[in-house]
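Some notes on the structure that comes next.
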There are 2 protein chains.
Amino acid sequence: MNVHHAETETLLTPSEVASLFRVDPKTVTRWAKAGKLSSIRTLGGHRRYLESEVRDLLGGVPQQQRPEDS
Amino acid sequence: MNVHHAETETLLTPSEVASLFRVDPKTVTRWAKAGKLSSIRTLGGHRRYLESEVRDLLGGVPQQQRPEDS
DNA sequence: GCCCAGTAGGGTAATTTGGGGG
DNA sequence: GATGTCCAAATTACCCTACTGG
């Protein structure tokens with residue numbers, strides 16, 4: 001059981017997530033709006049993202065597509 | 001296990017890789033599909049490429065060092 | 001309260017994707 | 001076999017102004 005408490009979860013800012021994916025911060029916002037990425041809201045309305053989820057979505061290890069995969 | 005920190009890896013866009021190789025961006029996509037080049041996907045399906053791998057594939061051509069990397 | 005980099009929001013260009021044919 | 005081009009649709013980047021975070 002590795003259930004971490006939310007308060008111990010590291011949060012990332014939009015620009016930090018954007019840098020990891022090499023996209024614009026606005027694009028990360030669209031992902032959150034589209035439900036592709038979960039987000040926490042500050043009391044002022046700014047979004048924060050779960051580092052663990054972002055790392056998971058990054059895939060960690062890039063993959064090479066196989067030529068004969070159809 | 002040798003899990004590299006892909007999240008610290010600098011990523012390149014398709015057009016950037018295409019410019020470095022002096023080919024059409026579509027050609028870079030074909031390289032990725034053929035498994036000749038590893039790639040990461042954004043949540044929207046766009047590909048991002050590892051700068052280190054691209055540099056390596058460029059064949060030992062000395063690259064211009066950037067003055068500031070922060 | 002002021003400062004200012006970052007973010008939200010909305011709108012418009014630019015890029016990328018995938019397929020097909022040369 | 002590999003590459004460049006055309007097409008339509010989807011995704012992303014850049015523009016602005018106003019507000020939040022520290």
Side-chain angles (χ1 to χ4, degrees):
Chain A
M1 298 286 283
N2 281 329
V3 180
H4 285 242
H5 294 286
E7 52 267 25
T8 64
E9 175 65 64
T10 302
L11 297 178
L12 299 177
T13 63
S15 61
E16 288 173 336
V17 178
S19 296
L20 294 175
F21 278 98
R22 187 54 168 87
V23 295
D24 193 88
K26 288 304 198 58
T27 300
V28 180
T29 300
R30 291 194 207 92
W31 293 346
K33 284 184 179 177
K36 297 178 180 178
L37 186 62
S38 57
S39 62
I40 303 294
R41 288 279 199 158
T42 68
L43 299 187
H46 287 198
R47 296 184 180 84
R48 297 284 114 98
Y49 304 93
L50 301 178
E51 183 184 35
S52 59
E53 184 181 9
V54 172
R55 289 187 187 279
D56 186 57
L57 288 173
L58 274 171
V61 179
Q63 303 172 14
Q64 297 192 355
Q65 286 188 228
R66 291 177 296 178
E68 307 179 30
D69 194 0
S70 56
Chain B
M1 49 195 288
N2 194 8
V3 179
H4 289 261
H5 297 280
E7 56 274 9
T8 62
E9 176 68 60
T10 302
L11 300 176
L12 298 176
T13 64
S15 61
E16 288 172 339
V17 177
S19 296
L20 290 173
F21 278 100
R22 288 296 227 131
V23 294
D24 194 89
K26 211 56 171 297
T27 299
V28 180
T29 299
R30 292 196 184 98
W31 293 345
K33 285 186 176 181
K36 298 178 180 177
L37 187 61
S38 57
S39 63
I40 290 179
R41 295 279 197 148
T42 68
L43 298 192
H46 285 202
R47 295 183 182 85
R48 295 285 112 102
Y49 303 94
L50 302 179
E51 183 184 34
S52 60
E53 184 180 8
V54 172
R55 297 275 183 218
D56 185 57
L57 289 172
L58 279 172
V61 177
Q63 302 298 327
Q64 200 168 14
Q65 198 160 6
R66 290 182 286 184
E68 281 290 331
D69 198 332
S70 55

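Quick note on labels: first sequence line is chain A, next is B, and so on, each numbered from 1.
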Distance below 4.0 Å between A:Thr29 side-chain N/O and C:dG9 OP1 or OP2: no
Nearest-angstrom distance from the residue atom NZ of B:Lys36 to P of D:dG1: 11 Å
Whole angstrom value for the distance that separates P of C:dT16 from NZ of B:Lys33: 14 Å
Heavy-atom donor-acceptor pair, A:Lys26 side-chain to C:dG10 base, under 3.5 Å: yes
Nearest to side-chain heavy atoms of B:Pro14, which nucleotide of C:dA8, C:dT15, C:dT17: C:dT17
Pairwise 5' ranking along DNA chain D for A:Thr42 and A:Arg22, keeping only the more 5' one: A:Arg22
Pair A:Thr27-A:Arg30, side-chain donor/acceptor within less than 3.5 Å: yes
Distance in angstrom units between B:Asp24 CG and C:dG18 P, rounded: 15 Å
Between C:dA8 (C1') and A:Tyr49 (OH): distance, integer Å: 10 Å
Spacing between A:Leu12 atom CG and D:dG21 atom C1', to the nearest angstrom: 16 Å
Per A:Thr27 side chain, nearest of listed nucleotides C:dA8, C:dT17, D:dA13: D:dA13
Positive for side-chain contact (heavy atoms from CB on, under 4.5 Å) with B:Val54, one of B:Thr10, B:Leu20, B:Leu11: B:Leu20
Salt bridge flag under 4.0 Å for residues A:Arg22 and B:Glu51: no
DNA chain C: 5'-proximal contact among B:Arg48 and A:His46 (nearest heavy atom): A:His46
Contact nearer the 5' end of DNA chain D, comparing B:Gly44 with B:Trp31: B:Trp31
Phosphate contact (C:dT7 OP1 or OP2) by A:Arg47 side-chain N/O below 4.0 Å: no
Whole angstrom value for the distance that separates C1' of C:dT7 from CG of A:Leu11: 16 Å
Opposite nucleotide pairing with C:dC2, Watson-Crick or G-U, both atom distances under 3.5 Å: none
Side-chain donor/acceptor of A:Arg30 to base of D:dA13, under 3.5 Å: yes
